[in-house]
Amino acid sequence: MKNLIVVLLVFLAGFSAQAQEKKNKNAKYVTEVNGNCEDCQKRIQKAAYTVPGVKSASWNIETHELSLIINEQKTTALDVKKAIANIGHDTDEVKASNEVYENLHECCKYERD
């Protein structure tokens with residue numbers, strides 16, 4: 001009876017491992033990031049590229065949209081948003097601390113919610 005239970009558990013564990021979602025090596029995301037100018041653009045893109053697994057990062061000044069291509073085996077979009085918030089720019093999910101935001105150059109300070 002114990003052998004049957006062990007075999008059943010091993011069988012179920014095998015199914016669980018196969019059922020895990022496969023991570024995309026070229027996942028595309030578009031997210032909102034607040035900023036104003038070309039200096040913001042450079043800073044935002046540089047922060048995104050500091051996250052391992054980011055393959056492409058392009059922030060549009062007019063639309064405030066950051067287009068990303070990431071390897072989901074190495075990172076998540078949330079990790080990128082946290083890195084960007086750490087340098088003073090709010091995203092749709094993660095807000096920069098007031099202290100970091102206040103250290104931005106005057107032309108880079110955007111209207112906060």
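- The heavy-atom pair separating A96 from G88 by the smallest distance is CB-C, 3.5 Å.
- Annotation: E38, atom CD; neighbour count of heavy atoms from other residues, nucleotides and ligands within 6.0 Å does not exceed 12.
- Judged by distance alone, the side chain of N34 and the main-chain N or O of H89 form no donor-acceptor pair under 3.5 Å.
- Note that NZ of K25 and CD1 of I69 are 15.0 Å apart. Values are rounded to the nearest 0.5 Å.
- With contacts defined as side-chain heavy-atom distances shorter than 4.5 Å, the pair N86/V100 does not qualify.
- Of all non-hydrogen atoms in A77 and I70, the two that sit nearest each other are N-CD1, 3.6 Å.
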Go through the steps to decide whether R112 and N98 satisfy the test side chain to side chain contact (heavy atoms under 4.5 Å, CB included), and finish with yes or no. CA-CA 10 Å; R112 296 184 89 183; N98 288 334; 2.9 Å; yes
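- In terms of modelled atom types and a separation under 3.5 Å, the side chain of K95 and the main chain of T91 share a donor-acceptor contact.
- Listed by first and then second residue, the ring pair (Phe, Tyr, Trp, His ring centres under 6.0 Å) pairs that reach into residues 34-62 are W59-H64, sequence neighbours excluded.
- Minimum heavy-atom separation, A83 to V51: CB-CG2, 3.6 Å.
- Between N24 and N26, the shortest heavy-atom distance links the atoms OD1-N, 2.8 Å.
- Side-chain contact between S56 and S67 is absent, with no heavy-atom pair separated by less than 4.5 Å.
- Scanning all heavy atoms of the two residues, the minimum distance from A47 to I87 falls at CB-CG1, 3.8 Å.
- Y29 places no side-chain N or O within donor-acceptor distance of the main-chain N or O of T76, the cut-off being under 3.5 Å.
- At distances below 3.5 Å, not a single donor-acceptor pair connects side-chain atoms of E32 with backbone N or O atoms of D92.
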Decide yes or no on side chain to side chain contact (heavy atoms under 4.5 Å, CB included) for D39 and H105, but give the supporting numbers first. CA-CA 9 Å; D39 286 340; H105 188 274; 5.9 Å; no
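- Here the side chain of N60 pairs no donor or acceptor atom with the backbone of E65 at under 3.5 angstrom.
- Two different hydrophobic clusters hold V80 and V30 under the rule that ILVMFWY side chains link at heavy-atom gaps under 4.5 Å.
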Residues L66, I84; criterion side chain to side chain contact (heavy atoms under 4.5 Å, CB included); working and verdict: CA-CA 11 Å; L66 176 66; I84 291 168; 3.4 Å; yes
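- Nearest heavy-atom pair, Y101 versus Y110, reported as atom, atom and distance to 0.1 Å: OH-O, 2.6 Å.
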Test side chain to side chain contact (heavy atoms under 4.5 Å, CB included) on R43 and L104 and set out the steps. CA-CA 10 Å; R43 190 181 311 105; L104 290 176; 3.7 Å; yes
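- A salt bridge links K109 with E102: the closest approach of a Lys/Arg side-chain nitrogen to an acidic carboxylate oxygen falls below 4.0 angstrom.
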